Amino acid sequence: MPPVDLLLATQNPGKLAEMRLLAEGLPFRVLGPRELGIGEAPEETGATFIENAVLKARHYARLSGRLTVADDSGLSVDALGGGPGLYSARFGGPGLDDAGRTALLLERLRGVPPERRTARFRCVIAIVEPGGREQLVEGVVEGRIADAPRGDGGFGYDPVFFYSPLGGTFGEIDAEAKHRVSHRGAAARAAAALLLTP
């Protein structure tokens with residue numbers, strides 16, 4: 001049986017690369033939006049991770065006519081009242097890149113002791129089938145924010161997200177180890193189980 005097309009609904013190159021890795025070995029031909037000529041990303045107007053994941057999946061499924069997987073994820077820091085949370089990718093405004101957002105996060109946490117720097121990554125994945133059926137899964141991983149970036153792996157806030165069981169930040173530990181414990185890895189495994197269920 002030929003592989004089924006599976007559209008990963010993100011324009012973020014780091015996220016797309018990570019999601020491709022997580023989809024390896026599945027019986028799908030994994031595509032990104034640009035491979036289908038889709039350069040238009042929807043405005044993320046949802047009030048929750050769930051709402052944003054669903055609106056992205058619906059948007060790309062409608063434009064492509066293909067089985068579509070979209071995620072919405074973010075970092076919630078307890079000392080910042082759960083921020084940046086839903087606005088993780090837009091933290092500090094449109095002029096900042098990953099390094100700039102990470103620097104701003106560390107600035108906001110200056111003077112906060114390690115025991116109060118607890119944080120979690122959360123990922124919600126929405127699956128939208130061409131026929132309109134929708135399913136949701138999610139994954140969460142607990143950690144704390146390091147006092148400075150460490151490692152050059154991953155993307156986004158990975159270099160400052162310290163995961164105690166592996167003794168390093170998500171920027172330091174290798175990709176395979178990260179995927180076994182990460183929020184996106186957990187959500188992707190749950191999504192794969194649904195996708196592989198007839």
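Because the structure is predicted, anything quoted here is derived from the model rather than measured.
A side-chain donor-acceptor contact under 3.5 Å links T169 to the backbone of R150. For the pair R20 (side chain) and V30 (backbone), a donor-acceptor distance under 3.5 Å is present. A donor-acceptor pair is defined here as one N or O able to donate and one able to accept, closer than 3.5 Å; no such pair exists between the side chain of D71 and the backbone of I125. With hydrogens and angles disregarded, a donor-acceptor distance shorter than 3.5 Å links the side chain of R101 to the backbone of L96. No donor-acceptor distance shorter than 3.5 angstrom exists from the side chain of H183 to the backbone of R120, with no hydrogens or angles considered. Between the side chain of R189 and the backbone N or O of R180, at least one donor-acceptor pair lies under 3.5 Å. Remark: the backbone N or O of L195 is not paired with any side-chain donor or acceptor of Q135 at under 3.5 angstrom. Formation of a donor-acceptor pair under 3.5 Å by the R117 side chain with backbone atoms of I145 is found in this model. Checked by atom type and distance alone, the side chain of N52 never pairs as donor or acceptor with a backbone atom of F49 at under 3.5 Å.
Distance check, rounded to the nearest 0.5 Å: CD1 of I50 to CZ of R122 gives 5.5 Å. Note that CD of Q11 is 8.5 Å distant from CD1 of I38, once rounded to the nearest 0.5 Å. Atoms CD and CG, on E129 and L194 in that order, are 9.5 Å from each other to the nearest 0.5 Å. Here the CG atom belonging to D72 is positioned 11.5 Å from the CD atom belonging to E138, to the nearest 0.5 angstrom. Once rounded to the nearest 0.5 Å, the distance linking OG1 of T102 with CG of D97 reads 8.5 Å. Here the CZ-CG distance, from F91 to L104, works out to 4.0 Å after rounding to the nearest 0.5 Å.
With a 4.5 Å cut-off on side-chain heavy atoms, Y157 and P84 count as touching. Side-chain contact between V77 and R108 is absent, with no heavy atoms from C-beta onward closer than 4.5 Å. Side-chain contact between L67 and I127: present, with at least one pair of heavy atoms (C-beta onward) separated by less than 4.5 Å.
Follow the hydrophobic side-chain contacts under 4.5 Å out from V141 and you never reach L21; the two are in separate clusters. Hydrophobic clustering places Y87 together with V54 (ILVMFWY residues linked when any side-chain heavy atoms are closer than 4.5 Å, directly or through intermediates). Put simply, V160 and V181 are part of the same group of oily side chains (I, L, V, M, F, W, Y) that touch within less than 4.5 Å, one to the next. The hydrophobic clustering, which links ILVMFWY residues whose side-chain heavy atoms are closer than 4.5 Å, places L63 and L36 together. Cluster annotation: Y163 is connected to F121 through the hydrophobic network of ILVMFWY side chains, with a link wherever side-chain heavy atoms come within less than 4.5 Å.
Considering every non-hydrogen atom in both P149 and L106, the closest pair reads CD-CD1, 3.6 Å. Nearest heavy atom pair, residue L80 against residue L105, reads CD1-CD1, 3.5 Å. Across every non-hydrogen atom of A57 and A70, the tightest pair is N-CB, 3.5 Å. Shown here for P33 and L8, the closest heavy-atom pair between the two residues is CD-O, 3.2 Å. The minimum heavy-atom distance linking G32 with L7 is given by the pair C-CD1, 3.6 Å. Between T68 and A61 the shortest heavy-atom distance is OG1-CA, 3.3 Å.
Residue-environment remark: CD (E115) exceeds the threshold of 12 foreign heavy atoms within 6.0 Å.
For the side-chain contact (heavy atoms from CB on, under 4.5 Å) test with S73, the passing option among C123, S88, S182 is C123; the others fail.
Salt bridge R66/E35: absent, no basic N to carboxylate O contact under 4.0 Å.
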